[in-house]
Amino acid sequence: MKVFRYSKSQLSVLLILRLLIGWHFLYEGLVKFMNPFWNARTFLLDSQGFAKGLFEWMANNNQVLELVNFLNVWGLMLVGLGLILGLFEKWATIGGMLMLFFFYLSHPPFIGVEYLMPSEGNYLIVNKNLIELAALSVLMLFPTGRLIGLDRLIFIKKSSL
């Protein structure tokens, strides 16, 4: 295992980034979990771009849709908790990146594409999903969970026992 050495300011900024992204994921998952009427169908059917057919298939297949709903809610919450707690940070980061990649693919911010659901701004190619995906890639390259997080307790070097 590679040991990373950061300055206090580097570690602080990386930790804040991890916590902010973790909170975003956790909150999005909790909102969906607590809403008994939430369903991914509308979002999937609103998909545009070259992967539109895949997302429409997911929305129109009830068994697949149930799985997508489950994975979406629990994936968001587990990724968020993993990042906030620094628990299995690498897997939480990979899971978050994968989810964001699919969110980006389903609603790419390209010229001439309009969606039923309003977006938070005007985007061209780069949107919040792509930015958050890039931020998670930074966290993957500069992990902090084994320094400040539960990973530190789980992955103790055998030589220190």
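The basis for the numbers below is simple: all heavy atoms, side chains too, and nothing from hydrogens, waters or symmetry mates.
Looking at V31 and N35, their side chains never come closer than 4.5 Å, going by heavy atoms from C-beta outward. I94 is not listed as a side-chain neighbour of L136, based on a closest heavy-atom distance of 4.5 Å or more. In this structure, the side chains of I154 and L87 come closer than 4.5 Å at one or more pairs of heavy atoms. Between L105 and F55, some side-chain heavy-atom pair lies under the 4.5 Å cut-off. P108 places none of its side-chain heavy atoms less than 4.5 Å from the side chain of F50.
Around the CZ atom of F103, the shell of radius 6.0 Å holds more than 12 heavy atoms that belong to other residues, nucleotides or ligands. With a 6.0 Å radius and a threshold of 12 heavy atoms from other residues, nucleotides or ligands, Q10 has its CD atom above the threshold.
L100 and F102 end up in the same hydrophobic cluster when Ile, Leu, Val, Met, Phe, Trp and Tyr side chains are linked at under 4.5 Å. In the hydrophobic cluster analysis, where Ile, Leu, Val, Met, Phe, Trp and Tyr join through side-chain heavy atoms closer than 4.5 angstrom, L45 is grouped apart from L54. Linking ILVMFWY residues whenever their side-chain heavy atoms come closer than 4.5 Å, directly or via other members, leaves L20 and L85 in distinct clusters. Residue Y27 is not grouped with residue L78 when hydrophobic side chains (ILVMFWY) are merged at heavy-atom distances under 4.5 angstrom, including chains of intermediate members. Hydrophobic cluster membership differs between L139 and I16, with clusters built from Ile, Leu, Val, Met, Phe, Trp and Tyr side chains linked at under 4.5 angstrom.
To the nearest 0.5 angstrom, L71 atom CG is 10.5 Å from L76 atom CG. Taking CG of N127 as the reference point, atom CG of L133 lies at 10.0 Å (rounded to 0.5 Å). To the nearest 0.5 Å, atoms CG (L150) and CZ (F155) are separated by 10.5 Å. Within the model, atoms CG of L15 and CD1 of I148 stand 5.0 Å from one another, a figure rounded to the nearest 0.5 Å. Atoms CD and CE, on E132 and M99 in that order, are 10.5 Å from each other to the nearest 0.5 Å. Note that CG of D46 is 8.5 Å distant from NZ of K52, once rounded to the nearest 0.5 Å.
Below 30°, between 30° and 60°, or above 60°: for H107 and F43 the angle between ring planes is below 30°, a parallel geometry.
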Let's go through T144 and D151 carefully: what are the C-alpha distance in whole Å and the side-chain angles of both, what is the deciding distance for side chain to side chain contact (heavy atoms under 4.5 Å, CB included) to 0.1 Å, and is it a yes or a no?
CA-CA 9 Å; T144 59; D151 280 352; over 6 Å; no

Kindly indicate, with the supporting measurements, whether the criterion side chain to side chain contact (heavy atoms under 4.5 Å, CB included) is fulfilled by W38 and N72.
CA-CA 11 Å; W38 180 83; N72 198 328; 3.9 Å; yes

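Within the 3.5 Å criterion, the main-chain N or O of L147 finds a donor-acceptor partner in the side chain of R152. The backbone N or O of E56 lies less than 3.5 Å from a partner atom in the side chain of N60, making a donor-acceptor pair. Under the 3.5 Å distance criterion, the side-chain polar atoms of R18 are matched with a main-chain donor or acceptor of L83. Side-chain N or O atoms of N69 include none that pairs as donor or acceptor with a backbone N or O of N39 at under 3.5 Å.
In this view, W74 and F33, F70, M77 satisfy the side-chain contact (heavy atoms from CB on, under 4.5 Å) rule, not counting sequence neighbours.
When all heavy atoms are compared, the tightest approach of L26 to I84 is CD2-CD1, 3.8 Å. Pairing each heavy atom of S47 with each of S106, the nearest pair is OG-O, 2.9 Å. Here the closest non-hydrogen pair linking A135 and I21 is CB-CD1, 3.6 Å. The nearest pair of heavy atoms linking N129 to Y104 is ND2-N, 4.2 Å.
A salt bridge (Lys or Arg N to Asp or Glu O under 4.0 Å) check over residues 78-107, counting only residues at least two apart or in different chains, returns nothing.
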